[in-house]
Amino acid sequence: MPELPEVETSRRLLDPFVVGRTVVSVEVNRGRVLRRQERDADFAGRLTGRRVRGTRRLGKHLMIDLDDDLTWVIHLGMSGRLAIAADGAEPPPHTHVQIRLDDDTEIWFTDPRTFGYTVAYTPEEFDRSPTSRLGSDALTDLPDATRLASLLERRTAPIKALLLDQSLIAGIGNIYADEALHGAAIDPFRQGGTLESGELDRLVTAISVTLDMALASGGTSLDDLAYLLPDGRTGDYLERLQVYGREGEPCLRCGAPVRRSVIRGRSTFWCSECQS
DNA sequence: ACCTCCCTGGCC
DNA sequence: GGCCAGGGAGGT
């Protein structure tokens with residue numbers, strides 16, 4: 001599932017293909033992916049003829065800045081993928097949007113489970129969009145231990161659930177939340193507001209190290225290969241995962257079997273021996 | 001601050 | 001043939 005490292009990897013690969021280029025055509029095969037678009041706003045019309053000024057990312061939201069202060073946002077959801085079309089190739093199943101640029105590059109947005117979406121915002125629309133309500137970016141603006149302490153103050157929810165709250169810190173998803181908590185040796189069920197300063201230090205460091213390493217690996221392509229880089233390569237962080245998806249296997253730090261629990265409806269993999 | 005729901009491929 | 005995963009918006 002595309003989390004921050006996967007979205008950032010996709011952004012970096014796409015950036016040189018799109019910056020400075022002008023959109024010449026937009027084909028939408030499935031309207032559901034435009035459900036965030038306000039009524040009467042013409043997604044294809046807003047993109048067509050507009051030049052790409054640059055790309056940005058906040059949390060898991062990819063933002064493409066267009067002429068006339070329009071912001072084209074792409075969220076990959078659970079199973080979304082961006083791809084640069086190879087010459088003459090047919091798009092894979094569930095390709096919902098096809099964008100052609102003025103040098104004939106074609107970008108595909110593919111998403112079997114359709115939790116992802118794309119939308120073109122005016123500045124006013126952007127200001128009331130979900131993208132504008134995100135917390136600080138986990139990669140480029142990760143809170144230090146002091147700031148994290150104030151974010152978690154008096155919070156009674158499990159720390160795992162709070163790490164997934166995109167309005168606190170943006171970009172951490174289910175895989176990297178588990179990996180960071182394991183790296184910091186913190187029990188995922190601990191109430192957020194009870195973390196002590198040494199634990200907060202370890203957590204901030206673990207989030208940072210986990211995301212940096214995942215990014216350096218090009219993200220995590222799970223066995224289902226739902227996530228691939230835009231050029232078709234796999235992200236290789238799977239082989240470095242410490243706990244995610246390893247229920248019953250030995251903890252790589254202490255040897256105890258990795259456990260699976262459910263927190264807020266999400267699978268949580270952790271070691272009850274060394275995360276306590 | 002919590003629960004429900006959206007959607008589909010893959011697995012039992 | 002039925003169930004499950006899972007990000008996050010929206011409702012209560």
Side-chain angles (χ1 to χ4, degrees), chain A residues 1-8 10 28-39 57-63 73-82 91-97 109-119 121 125-135 137-139 151-181 188-194 211 214 219-228 238 241 243-248 260-270:
Chain A
M1 65 212 75
E3 302 182 20
L4 188 155
E6 291 75 22
V7 176
E8 177 64 9
S10 298
V28 177
N29 306 315
R30 183 150 177 187
R32 175 172 155 77
V33 299
L34 301 182
R35 66 194 178 283
R36 302 298 316 165
Q37 191 79 67
E38 293 188 11
R39 253 192 301 277
R57 180 194 52 75
L58 179 53
K60 305 171 197 174
H61 297 228
L62 173 59
M63 292 175 280
V73 172
I74 299 170
H75 193 296
L76 298 175
M78 277 285 303
S79 56
R81 171 152 103 90
L82 291 165
H94 309 289
T95 297
H96 307 313
V97 183
F109 174 48
T110 305
D111 183 11
R113 296 186 192 174
T114 69
F115 280 23
Y117 62 83
T118 187
V119 52
Y121 290 124
E125 289 167 355
F126 184 87
D127 286 343
R128 51 178 188 262
S129 75
T131 308
S132 73
R133 290 191 288 270
L134 294 170
D137 184 75
L139 187 70
L151 286 172
L152 298 179
E153 205 175 0
R154 285 187 292 276
R155 299 294 296 258
T156 59
I159 183 62
K160 163 72 185 280
L162 296 171
L163 287 179
L164 296 178
D165 183 341
Q166 303 296 300
S167 70
L168 297 179
I169 302 173
I172 302 173
N174 204 38
I175 295 176
Y176 300 115
D178 283 1
E179 293 297 305
L181 287 167
F189 288 92
R190 278 283 297 287
Q191 295 188 340
T194 69
L211 294 178
T220 305
S221 295
L222 298 175
D223 294 335
D224 60 9
L225 296 183
Y227 164 75
L228 294 172
L238 175 65
L241 293 177
V243 282
Y244 186 85
R246 299 189 60 248
E247 182 181 12
R260 177 184 175 277
S261 304
V262 174
I263 296 178
R264 283 268 231 285
R266 299 291 176 260
S267 286
T268 299
F269 298 91
W270 59 296

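In what follows, every chain begins at residue 1, and chains take the letters A, B, ... in the order their sequences are listed.
In this entry the distance linking CZ of A/R32 with C1' of C/dA9 reads 11 Å, nearest Å. Atom CD1 in A/I172 sits about 17 Å away from atom C1' in C/dG6, given to the nearest Å. Rounded to whole angstrom, the span from the CG atom of A/D165 across to the P atom of C/dG8 amounts to 10 Å. Whole-Å rounding puts the A/R264 CZ to B/dC3 C1' distance at 10 Å. Rounded to whole angstrom, the span from the CG atom of A/D178 across to the P atom of C/dG7 amounts to 10 Å. Put simply, CD1 on A/I263 is 16 Å from C1' on B/dA1, counting in whole angstrom units. Computed from coordinates, the A/L162 CG to C/dG8 P distance equals 15 Å when rounded to whole Å. Nucleotide C/dG6 holds its C1' atom 11 Å from the NZ atom of A/K160, rounded to whole Å.
With A/N29 contributing its side chain and A/T95 its backbone, the two residues share a donor-acceptor pair below 3.5 Å.
Of all non-hydrogen atoms in A/A170 and A/G135, the two that sit nearest each other are CB-O, 3.6 Å. In this structure, A/A157 and A/L162 approach most closely via the heavy-atom pair O-CD1, 3.6 Å. For the pair A/T114 and A/R35, the tightest heavy-atom approach, listed with the atom from each and the gap, is O-NH2, 3.4 Å.
Nearest to the side-chain atoms of A/H94 among the listed nucleotides C/dG6, B/dG9, C/dG10 stands B/dG9. The side chain of A/R155 approaches B/dA1 more closely than any other nucleotide in the set B/dA1, C/dG6, C/dG8. Checking C/dG8, B/dC2, C/dG6 against every side-chain atom of A/H75, the shortest atom distance belongs to C/dG8. Side chain of A/M78, nearest nucleotide from B/dT8, C/dG8, C/dG6: C/dG6.
OP1 or OP2 of C/dA5 sits under 4.0 Å from a side-chain N or O of A/R260. The phosphate of C/dA5 has neither OP1 nor OP2 within less than 4.0 Å of any side-chain N or O from A/Y244. Taking side-chain N and O atoms only, A/T114 has no distance below 4.0 Å to OP1 or OP2 of B/dC6.
For the pair A/T131 and A/T268, nearest-nucleotide mapping onto DNA chain C gives the more 5' position to A/T268. Along DNA chain B, the nucleotide nearest to A/R266 and the one nearest to A/R30 differ in position, and the one closer to the 5' end is contacted by A/R266.
Residue contacts shown for A/F269 are absent, as no nucleic acid heavy atom lies under 4.0 Å away. A/R154 comes within contact range of no nucleotide atom at all, as no heavy-atom separation falls under 4.0 Å.
For the helix from B/dA1-C/dT12 to B/dC12-C/dG1, the rotation axes defined at the first and last 5 base pairs enclose an angle of 40°, given to the nearest 10°.
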Worked check of side chain to side chain contact (heavy atoms under 4.5 Å, CB included) between A/D111 and A/V33: CA-CA 9 Å; A/D111 183 11; A/V33 299; 5.6 Å; no

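A donor N or O paired with an acceptor N or O is found under 3.5 Å between the base of C/dA5 and the side-chain atoms of A/R113.
If you check the side chains of A/R133 and A/S167, you find no donor sitting under 3.5 Å from an acceptor.
Residue A/Y244 holds its OH atom at 7.5 Å from CG of A/D178, rounded to the nearest 0.5 Å.
No more than 12 heavy atoms of other residues, nucleotides or ligands sit less than 6.0 Å from atom CZ of A/R154.
The aromatic ring of A/F115 stacks onto the base of C/dG7, its centre lying under 5.5 Å from the centre of the six-membered base ring with the two planes under 30° apart.
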